[in-house]
Amino acid sequence: MCDMDLLPKPLSGKISLLITGSSQQHPQWAANNGDGWITYPRDVDAQQTAVTQWRASITSEDTLSRPVMQSLYVDLEDDPNVGPVPIHLGFRSGINALKKYLESLENIGVNHVALNLRFNRAGTESTIKQLADELLPYFPSSERPPCSFSAASTSTR
């Protein structure tokens, strides 16, 4: 076995293990060995069933401290009222349909959603600004004030 070092050092003394999907493991193993679960997008009813089953599989007392996360590809339309149209692992819609979907996920116990703009047809910078201005205020963190975005603060690589 080789000596390894990790930098920066974890602040909690432990590195969290987030299980992605089922990771080819029995659901009971994933629930009891993971510190959280990253899952894929589903319709809200199916996601609620999956989240409920995952949380029910956790045998320790810290069920609520284990977050459920989900990825979501989005392609925002200019018209805020356009309904969702499926795309790979997500949907194309106006900002209002995205907000409604995220509210539904919040209501069923999904703690975090990673929005992926890979298929977004609008400019990335303008889309991030739109998300910051029109979406994030509805989902403030309990630990910090809502985000603000300044186009001048972005950098490109």
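What you see below is based on every heavy atom in this structure, not just the backbone, and it leaves out hydrogens, waters and symmetry mates. The first residue in the sequence is number 1, and the count goes up from there.
In this structure, Gln53 and Thr49 have side chains that are in contact, with non-hydrogen atoms separated by less than 4.5 Å. The side-chain heavy atoms of Glu125 and Lys129, taken from C-beta on, include no pair separated by under 4.5 Å. Counting only heavy atoms from C-beta outward, the side chains of Tyr73 and Phe91 never approach each other to under 4.5 Å.
A continuous path of ILVMFWY side-chain contacts below 4.5 Å connects Trp29 to Trp54, so both sit in one hydrophobic cluster. Hydrophobic clustering keeps Val44 apart from Tyr40 (ILVMFWY residues linked when any side-chain heavy atoms are closer than 4.5 Å, directly or through intermediates).
Rounded to the nearest 0.5 angstrom, Leu135 CG and Glu103 CD are separated by 9.0 Å. In this structure, Leu98 CG and Leu131 CG are separated by 6.5 Å, a value rounded to the nearest 0.5 Å. Taken to the nearest 0.5 Å, the CD atom of Gln70 stands 8.5 Å off from the CG atom of Leu102. Summarising the geometry, atom CH2 belonging to Trp37 is positioned 10.0 Å from atom CD1 belonging to Ile58; distances are rounded to the nearest 0.5 Å. Note that the CG atom of Asn33 and the CD1 atom of Ile19 stand 7.0 Å from one another [nearest 0.5 Å]. If you take NZ on Lys99 and CD on Glu106, they are separated by 10.0 Å, rounding to the nearest 0.5 Å.
Here Met69 is tied into one hydrophobic group with Leu18, Ile38, each link being a pair of ILVMFWY side chains closer than 4.5 Å.
Smallest separation of non-hydrogen atoms from Thr39 and Val68: CG2-CG1, 4.4 Å. Between Tyr101 and Arg42, the shortest heavy-atom contact is OH-O, 3.0 Å. The shortest heavy-atom contact between Val82 and Ala97 is O-CB, 3.7 Å. Considering every non-hydrogen atom in both Leu89 and Pro41, the closest pair reads O-CG, 3.2 Å. Gln48 and Ile108 get closest at one heavy-atom pair: N-CD1, 3.4 Å.
Applying the side chain to side chain contact (heavy atoms under 4.5 Å, CB included) rule to Gln28 yields the partners His26, Asn32, Ser57, Thr59; only residues at least two apart in sequence or on another chain are considered.
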Show me the donor-acceptor pairs within less than 3.5 Å that the side chains of residues 113-124 make with the rest of the protein, sequence neighbours left out.
unit_1 : atom_1 : unit_2 : atom_2 : d
Asn116 : OD1    : Arg118 : N      : 2.8
Asn120 : OD1    : Leu76  : N      : 2.9
Asn120 : ND2    : Ala122 : O      : 3.2
Asn120 : ND2    : Thr127 : OG1    : 2.7
Arg121 : NE     : Asp75  : OD2    : 2.7
Arg121 : NH2    : Asp75  : OD2    : 3.4
Arg121 : NH2    : Glu77  : OE2    : 2.8

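Between the Arg66 side chain and the Ala31 main chain, a donor and an acceptor come within less than 3.5 Å of each other.
Within a 6.0 Å sphere centred on CG of Asp78, heavy atoms belonging to other residues, nucleotides or ligands number 12 at most. Tyr138 OH: 12 or fewer foreign heavy atoms inside a 6.0 Å radius.
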